[in-house]
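One structure is given below, encoded as structure tokens.
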2 protein chains.
Amino acid sequence: MELDDRKRKILLAIIQNYQDTGEPVGSRTISKMDDLNYSPATIRNEMADLEEMGLIVQPHTSAGRVPTDKGYRLYVDHLLTSDETALATNGAQHPATHMEQLLSKRMDRVEEMLMRMAQVLAANTQYTTMVTGPHYKQNKLKFIQLSAMGGGKILAVIVLNGNIVKNNILDIGADVDQETLSRLNFSLNNNLNGLSVEEINLPLITKVKEEAGEYADVAMRILDAVAGAFDKEDSMPVYTSGATNIFKYPELADNEKISNLIDVLEEKKELGTALGVVSPDGSKQDIQVYIGDEVPVESMKDCSVVTATYQMGEGVQGKIGIIGPRRMDYQKVVETLKATMSQLDGIFKKPEE
Amino acid sequence: MELDDRKRKILLAIIQNYQDTGEPVGSRTISKMDDLNYSPATIRNEMADLEEMGLIVQPHTSAGRVPTDKGYRLYVDHLLTSDETALATNGAQHPATHMEQLLSKRMDRVEEMLMRMAQVLAANTQYTTMVTGPHYKQNKLKFIQLSAMGGGKILAVIVLNGNIVKNNILDIGADVDQETLSRLNFSLNNNLNGLSVEEINLPLITKVKEEAGEYADVAMRILDAVAGAFDKEDSMPVYTSGATNIFKYPELADNEKISNLIDVLEEKKELGTALGVVSPDGSKQDIQVYIGDEVPVESMKDCSVVTATYQMGEGVQGKIGIIGPRRMDYQKVVETLKATMSQLDGIFKKPEE
DNA sequence: TGTTAGCACTCAAACGCATAGAGTGCTAAC
DNA sequence: GTTAGCACTCTATGCGTTTGAGTGCTAACA
């Protein structure tokens, strides 16, 4: 069966009407539209065809039609490939402007900015937003700074490129005198600075341990801490906002479903999965749309998820995801994300020279 | 009207039965209990009295009775003053043991431990838990460590007593040579270490600025960062867990109420209010129970909140709160909190000598 | 004087049933 | 190819009835 222009128009009309109302849409509603001036019967014939093609379904006999995942997929693919979204981006200017104000405030901490960003996106889209902190797998060690804390403790501050700072308090039992600490600190920086975690290999580790002499244990503890700083799990906090927006969509208003969904959002367990793997090639404007069953997290299979990858320079990147009902306004969400991404691109590039 | 022993027993029976079932409890149910071997009619007379005293109500005529806030208040006050809870604490040993395992793992970061603690408490009690990070108002500066980061940036690591570490990246425009930085660092530590934020007064600030010479601006920026490290808002993250437990209690199953509640929990706005002011005297086992309307947060007025203060040594303290339905098992919650508090006391005291 | 049996009464929740209405598929005519 | 007409389906809504739990009151009993 061919998907001719009229069928496409009708599908679009169904999707848009369903987006607004959340109710199955009937043939009469469509036939009343300006650019589809046919009788309900005609529309019905077309609808029957669309149903046969698997693009729409009726929840029950004598109900209107609702788009299927496949129908949405068609729509979304069209949306992502066309230039319309790029042109229509002025519609999303409002949130973008707000975002600029937000980002122009002094924000030493990336984390706080990301949290705020999640909030703004949730408020703008009326959907639930999740944002992962930046992901440093490809990152390199900038330097290490050791300080004695007294009480047999050492503070090891580990700084990675992209100005990622991690603190580790190491309890090594006995105090170390300042000179030894400086020597150890120098050795570590001398051997390891500028390296990625993969480049810190056994020969290097052995060398550091040798140079540390009787403090080989301490050096080892610090190396563990360095590995920890690069660690994915640890460096992937996820911020969410607008979880309660899902209450706005009656089709999700099943207490068990909502409960499961909020549980995932609160405990932040599977959100990494939901946001998908960060693409290693770092291709620009990498926007992904998961519709219904396509979402890789069980408790989100009644929703759709749109994700985008943001770049923080130096190969550091993270993900933003927007969770909404299947009938989410994909156009608006994609536009908003695109606008946000380009905003972020501009902002993150500046401070890094 | 006198609250004699039999009335008290009946009130207790109503509270306990309502706790289990969530349904209003009738006279027949009570009369079937072993230690209240009276006819339903007798019980009804007593119930009428209890109602007159404002301790119980009927949701409507021909329904059983439900405890009022006042009824719960009586019960809870009795609970908190009696020795029963202390004796019955072995009932709460299970969670306590679990907690010990949890805390014995290496946990450099207090934050992670608090998060886990919230999770364990939520799982044990089946209620929602919130935990504030420690509160450092009375805290003192341990030391400052400055490092050059290149690109006109300085990393200022600020360490407070209690091993609280704060990172600040300061963009000062131009790079500072290592020697100047060391001198500045020495001056700061020399003048400020061991002081509380109140003790860092204008003469001291002037002195630091003088010593910094042409880098007075930078010194000022660092002092701002120090003030920020002491700042209450900043150092008060709140962790929540088990938000979805509220779905378990049908009396809260109003979508709007749930939505409001979860919103507060997710955005973590009013949770400080809900947890109440940290008592300055730091009295031991400071357990507070807010019942229904007593809760100072609007969206929690259909719930009860039990809070406890934990001590982290050196005057640093934080709060734990448990949110549940009015018919919460106060006894279990109070016991669990008491047990957790004493566990924490033990653990936090050890590492600080 | 406290306790109990009996009884009429109330009210929310559950149930059954009829109705309305939205929407369809099919057929036949234009 | 399009449309009017019609019978049909199924959900949602409303309404009256029934059920059952629980009460308050009164009168009798110990």
Side-chain angles (χ1 to χ4, degrees), chain A residues 1-11 13-15 17-18 20-68 71 250-251 253-254, chain B residues 1-11 13-15 17-18 20-68 71 250-251 253-254:
Chain A
M1 176 102 39
E2 182 83 37
L3 186 72
D4 59 26
D5 200 53
R6 194 169 72 179
K7 283 190 175 57
R8 193 187 300 275
K9 261 189 182 160
I10 292 176
L11 177 61
I14 292 172
I15 287 177
N17 197 287
Y18 183 61
D20 297 340
T21 64
E23 306 272 292
V25 10
S27 52
R28 252 184 74 85
T29 316
I30 303 286
S31 83
K32 267 184 287 189
M33 294 183 166
D34 285 347
D35 53 344
L36 284 164
N37 246 327
Y38 302 93
S39 78
T42 311
I43 304 289
R44 277 203 291 280
N45 286 331
E46 297 286 50
M47 282 169 132
D49 291 349
L50 286 171
E51 180 153 15
E52 207 177 306
M53 286 187 260
L55 300 174
I56 55 179
V57 278
Q58 333 181 238
H60 55 261
T61 343
S62 92
R65 303 306 213 287
V66 162
T68 59
E251 65 268 40
D254 174 270
Chain B
M1 175 96 45
E2 182 83 38
L3 185 72
D4 59 27
D5 199 52
R6 194 169 73 181
K7 283 192 176 54
R8 191 186 301 274
K9 263 187 181 161
I10 291 175
L11 176 60
I14 292 172
I15 287 177
N17 197 286
Y18 183 61
D20 296 339
T21 64
E23 305 272 292
V25 9
S27 53
R28 254 185 71 86
T29 315
I30 303 285
S31 84
K32 268 184 287 188
M33 294 184 165
D34 283 349
D35 53 343
L36 284 164
N37 247 327
Y38 303 93
S39 78
T42 310
I43 305 291
R44 278 203 291 279
N45 286 331
E46 296 286 50
M47 281 169 131
D49 291 349
L50 286 170
E51 181 153 15
E52 207 176 307
M53 286 186 260
L55 300 175
I56 56 180
V57 277
Q58 332 180 239
H60 55 262
T61 343
S62 92
R65 303 307 213 285
V66 161
T68 60
E251 65 266 42
D254 175 87

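Order of the sequence lines sets the chain letters (A, B, ...), proteins ahead of strands, with each chain counted from 1.
Shown here, D:dT9 forms a base pair with C:dA22; the pair counts as Watson-Crick or G-U wobble because both key distances fall under 3.5 Å. Remark: D:dT3 base-pairs with C:dA28. Criterion, Watson-Crick or G-U wobble with two distances under 3.5 Å.
Taking only side-chain atoms of B:Y38, from C-beta outward, the nucleotide of C:dT3, C:dT24, C:dC11 with the closest atom is C:dT3. Listed nucleotides: C:dT4, D:dT23, C:dT24. Nearest to the side chain of B:M47: D:dT23. Nearest nucleotide to the A:A41 side chain, out of D:dT3, D:dG24, C:dT4: D:dT3. When distances run from any side-chain atom of B:T42 to the nucleotides C:dT10, D:dT3, C:dT3, the shortest one goes to C:dT3. Closest approach to the B:H60 side chain among C:dA5, D:dG24, C:dA12 is made by C:dA12 (side chain taken as heavy atoms from C-beta onward). Side-chain proximity of A:T61 to D:dT9, C:dC11, D:dA4: nearest is D:dT9. Side-chain proximity of A:R44 to the nucleotides D:dA21, D:dT2, D:dG5 is greatest for D:dG5. Of all nucleotides listed (C:dG25, D:dT2, D:dT23), D:dT2 comes nearest to the side chain of A:R6.
Geometrically, B:R6 engages B:Y38 in a cation-pi contact defined by less than 6.0 Å to the ring centre and at most 45° from the axis.
Within the 3.5 Å criterion, the main-chain N or O of B:V25 finds no donor-acceptor partner in the side chain of B:T29.
Summarising the geometry, the separation between CD1 on A:I43 and P on C:dG25 is reported as 13 Å, rounded to the nearest angstrom. C:dA12 atom P lies 19 Å from atom CD of B:E251, rounded to whole Å. Rounded to whole Å, atom C1' of D:dT3 lies 16 Å from atom CG of A:L36.
On a pure distance criterion of 3.5 Å, no polar donor-acceptor pair joins the side chain of A:S62 and the base of C:dT24.
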